[in-house]
Amino acid sequence: MKLGKTYNPSDHELDIYKLWEETGAFTPKNRGGQGSFTITVPPPNANGNLHLGHGLTIAIEDVATRYQRMQGKAALLLPGADHAGFETQVVYEKVLASNEKSRFDFSREELYSQIWDFVAENKDNYQTQFRKLGASVDWSRYVYTLDKKIVDRAYETFQKMWNEGLIYRGERLVNFCTHHGTGFADIEVEYRNVKGYLWHIDYPLTDGSGKVTVATTRPETMLGDVAVAVHPDDKKLAKFVGKTIKLPLTNREIPIIADEMVQTEFGTGAVKITPAHDQNDYEVAERHDLPMITVISHEGKMTHEAGDFAGLEVKQARKQVVKALEAEKLLAKTEDYEHSVGHCYKCGTVIEPLLREQWFINMKPLAKEALKALEAEKIKFYPDNKRTQLIEYLKNLRDWNISRQIAWGIPIPAFQNIDDEQDWIFDTRVKQETIEVNGKTYRRDPDVFDTWFSSSSWPYATLDYPDGKDFNEHYPLSLMETGADILYPWVSRMIMFGLYVTGEVPFKQVYLHGLIQDEHGAKMSKSKGNVVNPMEKIDQYGSDAFRMGIIADESAGNNRPYDESKLIGARNFCNKLWNIARFIENKVGDTPKRGSVVPKTISDHWVLARLKSASERVGELLENYQLAEAYEVIYHAVWDDVADWYIEASKSSENDGMLGYVLEVILKLAHPFAPFVTEAIWQNLGDNKENLLITAPWPIVTDYDNQKAKEFEQIKALITELRQLSKNLKLSKPTLNHTVSSLISENDALIKQLTGAGEIVQSSSTKGVRLLSAQAWLDVEDSKLKEYQKEITEKIKAKKAAIDNFNKRLANRSYTENAPKHIVEETMHARSKTESNLDLLETELKRFS
RNA sequence: GGGCUCUUAGCUCAGCUGGCUAGAGCGCUUGUUUUACACACAAGAGGUCACAGGUUCGAGUCCUGUAGAGCCCACCA
């Protein structure tokens, strides 16, 4: 089949992907490699579109997987999709809003089934996009986070924790979004700096002997104050401890207590204690056994405890309280004040710390095991500093609130005795609202799990823990590759859960990629309109170009701006591969003679040397996940070594077996990065239908004669020098004289081909310009030699500087004595070579002047 | 307050265990239609590796400090 002039990705990509899929190429199968290689793809939202980060994830994971597959390992890239509880419900609420409905119009069951259908409608979308990216995932193992096996694992884990006392239910301060009506884990709260005020309020002592001034950013919470705290050693304020205060705007009397948490130098040195709405205050109240008064409801309104202010929105209440205090002349001062306030990461509503009953996991024991594993380096991190970072995080880990008050998620398998609030039991009959156990009636907890709770089991749940075949063969995973931003919420928890449930680390390596920002380094966001859509880029440049372009800038852990020029470079590279194939097809036909590789010319030996080194180097780099560097090595092996040198050289002396072989090797090398174009070529050349490139073995390059390879290097240097001189001296078809170089005479056709030299003759004439790379002279008219003088002078200068450098180093006895022998030898070699070049140049200069 | 990064060519970045006469892509300059490719070929220009010290025979690479940029965590009433 004749290949077209340029590679047009869209002509091939769909067919090629279909071919892989239909032939079962993605199914893990050991082809002689050592063991298995396994990655579970971090599941994207089932209803969403892939963004650039997903594109990068797939590119990295697929390159690694394809490389390992070619190493003969049973390679598995396992795809999945996430129900993404809260995220998806938020999206669906927007859909409802556009139909002038809200979640309050439906029961949780109704909502759940509506969202189920909504997601089902959009699920194909993401699968199509994975295919466009060329993800070599095994679709037969596709897992959805609401699949039975995932839910079952979540329930088992919950039960195990319950039985072992790691799960507790308690009324604690919870980060609550009053707009979305659900609590969050600490880690999900987004803190932002907010300009506000620090209000100083006078609290009169009950005995009338004076006042204590407190400072607060939230005056409305004073209605829920239960004490005022001062530092026990505070020189001015400690004397008030034990007295009481008549709390303004209420008729309550509250004590003044001493607690070390108070910082005397901050604010007024006296802190109002509102345990129901502040984490610190909550802890103080626990220590001092104080009551907790809730004045803000889960809807963000003041409760009946707020007296006259009941029913007001928090913001309104704040204004009203300030006004009332002013009226009573109790507002001592209002200062501008910037501080950090928790916000809902979806809607931006200020997070209210509210007292709620929720399920918590005691994280200490889990973190302890994870710390042990991390400190023992049981998991290799790319980059390693993320491991250190995770260790610090785990040392200070707090308990995890896993209850969410939303519909879309996995129901928590816990039921409460309707006659005894304290009596909770574990039961998985969550489809029923009430169950009977031992003659008692229990009502289901209406909440669902935090989505991260079930995703924490991802590595083993997807592989059919505990007794599935996959679990046996593929666990622990070889690699967990994901965004550095979910190191804490996901990676840390997978490690803890993996250790807790399976007793093993869930993966042996972690690769964390950074964020792709826009071209100016700003975060991409829909609202800014600076989002780059990977699917559009694939349509524009092709899937391979997208993959390589996005990887070309990648280094573990670092954020980097999106750079389209890299995609363009990669697109050109695909075209280069295509045209190499086209050239070779013209020479040797559709069926390159694989297997009959006999290197004859020095360029044959040389290209084998280059390809061998590239193949080995790429292997090393990929084992270390230095993807951008591996890509660069392949890029230059293909473009410089094969296209610019080997193919050009072949035009003077063709070796069809070699051409076919060289093509085969570069297609294999490039395949992990550019799967479509390489497979498209492979399929076009000969009958490869039974023999796909995707499952072909990684090339082990055939033997060559190193001496001959080196000879080509010499000729290469000669050619480069000739081209340089011809260009600088504006020569056309110059004659090259050489004395007795058999290398030159044997390769005169090659030299002529690549330099446009006119004649190459063996002669004793030393007329013209002496080359540095060989005992040869380029025949140049005397008139042109004048122009060359300046260049020689400059070259001489550079050589002298270099020699000075070498001399300095070699004169230093500490260097010659301490540096490794081969380094010193290299230096000496370099010096003598530079010196002889300098000699030649100086002789030349003398001759000209 | 704590932790972690980053600063190398006009732009975006590599440079892993110190040996560099510092690399790549894109851009730029000059020339070329040459048995596939102008998404091309050939030849070039361009950097005191943020700064200051230190360790070392030798530092872009290790250490300390300074300046600037960023990310994350924390109970900033």
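A, B, ... follow the sequence lines: proteins, then strands. Residue 1 opens every chain.
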Quiz item: How does each nucleotide of nucleotides 16-25 of chain B score, in 5' to 3' order, for protein heavy atoms under 4.0 Å: base (B), sugar-phosphate only (S), or none (-)?
Solution: B--B-B--SB
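- Contact between the side-chain N/O atoms of A:Thr6 and the OP1/OP2 oxygens of B:rC39 is not found at any separation under 4.0 Å.
- A:Arg218 forms no cation-pi arrangement with A:Trp199, by the criterion of a distance under 6.0 Å to the ring centre and an angle within 45° of the ring axis.
- Comparing the C1' positions of B:rC63 and B:rG25 gives an interatomic distance of 34 Å, to the nearest angstrom.
- Ring orientation note: the planes of A:Tyr393 and A:Tyr488 are close to parallel, at an angle under 30° on the 30°/60° scale.
- Taking atom P in both B:rA50 and B:rA59, one finds a spacing of 15 Å when rounded to whole Å.
- Atom-to-atom, CD of A:Glu392 to C1' of B:rC73 comes out at 10 Å; the value is rounded to the nearest Å.
- A:Asp259 CG to A:Glu283 CD: the interatomic distance, rounded to the nearest 0.5 Å, is 10.0 Å.
- When ring centroids are compared, A:Tyr337 and A:Tyr197 stay outside the 6.0 Å threshold.
- In this structure, A:Ala801 reaches neither bases nor backbone, as no heavy-atom distance under 4.0 Å exists between it and the strands shown.
- The residue A:Tyr488 sits close only to the backbone: its heavy atoms come under 4.0 Å of sugar-phosphate atoms, none of a base.
- For A:Lys752 against A:Ala757, the heavy-atom pair with the smallest separation is CG-O, 3.5 Å.
- With rounding to whole Å, A:Leu397 atom CG is found 16 Å from B:rG2 atom C1'.
- Between A:Glu392 and A:Lys395 a salt bridge is recorded (basic side-chain N to carboxylate O distance below 4.0 Å).
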Exercise. Could you summarise the pairing of RNA chain B as dot-bracket text, marking Watson-Crick and G-U pairs under 3.5 Å with ( ) or [ ] inside the strand and | across strands?
Key: (((((((..((((.....[...)))).(((((.......))))).....(((((..]....))))))))))))....
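- In this structure, A:Glu620 places its CD atom 15 Å from P of B:rG15, rounding to the nearest Å.
- Between the NE2 atom of A:His520 and the P atom of B:rG70 there is a distance of 16 Å, rounded to whole Å.
- If you take atom P in B:rA14 and the same atom in B:rU8, they sit 10 Å apart, rounded to whole Å.
- Between B:rC72 and B:rC37, the two C1' atoms lie 48 Å apart (nearest whole Å).
- Comment: A:Glu835 does not engage A:Lys799 in a salt bridge, judged by the lack of any side-chain N to carboxylate O separation of less than 4.0 angstrom.
- For the residue pair A:Tyr631/A:Glu554, the side-chain donor-acceptor check at 3.5 Å is not satisfied.
- Taking the nucleotide of RNA chain B with the nearest heavy atom to each of A:Phe266 and A:Arg571, the more 5' of the two is matched to A:Arg571.
- Whole-Å rounding puts the A:Arg387 CZ to B:rU5 C1' distance at 16 Å.
- B:rG68 and B:rC16: their C1' atoms are spaced 27 Å apart (whole Å).
- Taking atom CD on A:Glu265 and atom P on B:rA77, their separation rounds to 14 Å, with Å as the unit.
- In this structure, A:Lys5 reaches the sugar-phosphate backbone alone: every heavy-atom distance under 4.0 Å involves primed, P, OP1 or OP2 atoms, never a base.
- Between the side chains of A:Asp641 and A:His636, no donor-acceptor pair is found at a separation under 3.5 Å.
- Summarising the geometry, the separation between OH on A:Tyr191 and P on B:rC72 is reported as 14 Å, rounded to the nearest angstrom.
- A cation-pi contact, defined as under 6.0 Å to the ring centre and within 45° of the axis, is absent between A:Lys808 and A:Phe806.
- Among the atoms of the strands shown, base atoms are found under 4.0 Å from some heavy atom of A:Val262.
- Heavy atoms of A:Arg398 sit under 4.0 angstrom from primed sugar atoms or phosphate atoms, though from no base atom.
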Exercise. Encode nucleotides 41-48 of chain B as B, S and - characters from 5' to 3', where the letter depends on protein heavy atoms closer than 4.0 Å: B to the base, S only to sugar-phosphate, - to neither.
Key: SBSS----
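- A:Thr274 comes within 4.0 angstrom of no nucleic acid atom, judged by non-hydrogen atoms across all strands.
- One C1' atom belongs to B:rG2, the other to B:rU17, and the distance between them is 31 Å to the nearest Å.
- To the nearest whole angstrom, the two C1' atoms, one in B:rU56 and one in B:rG19, are 12 Å apart.
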Practice problem: May I have the step-by-step check of ring-ring contact (aromatic ring centres under 6.0 Å, His included) for A:Phe573 and A:Tyr635, ending in yes or no? | Solution: CA-CA 7 Å; A:Phe573 177 64; A:Tyr635 181 98; 5.1 Å; yes
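- A donor-acceptor contact shorter than 3.5 Å is absent between the side chain of A:Ser653 and the backbone of A:Ala649.
- If you take atom C1' in B:rU34 and the same atom in B:rC41, they sit 8 Å apart, rounded to whole Å.
- One cannot find a donor-acceptor pair under 3.5 Å joining the base of B:rC37 and the side-chain atoms of A:Arg582.
- For A:Asn558 and B:rC13, the shortest distance from a side-chain N or O to OP1 or OP2 is not below 4.0 Å.
- For an aromatic pair to be called close, the ring centres must be under 6.0 Å apart, and A:Tyr7 with A:His12 satisfies this.
- Between A:Lys587 and A:Asp656 there is no salt bridge, since no side-chain N of the basic residue sits under 4.0 Å from a carboxylate O of the acidic one.
- Counting non-hydrogen atoms under 4.0 angstrom, A:Thr217 reaches the backbone sugars and phosphates but no base.
- With RNA chain B read from its 5' end, the first of the two nearest nucleotides for A:Gln389 and A:Ser652 is the one closest to A:Gln389.
- As a whole-Å value, the separation of A:Lys730 NZ from B:rG31 P is 9 Å.
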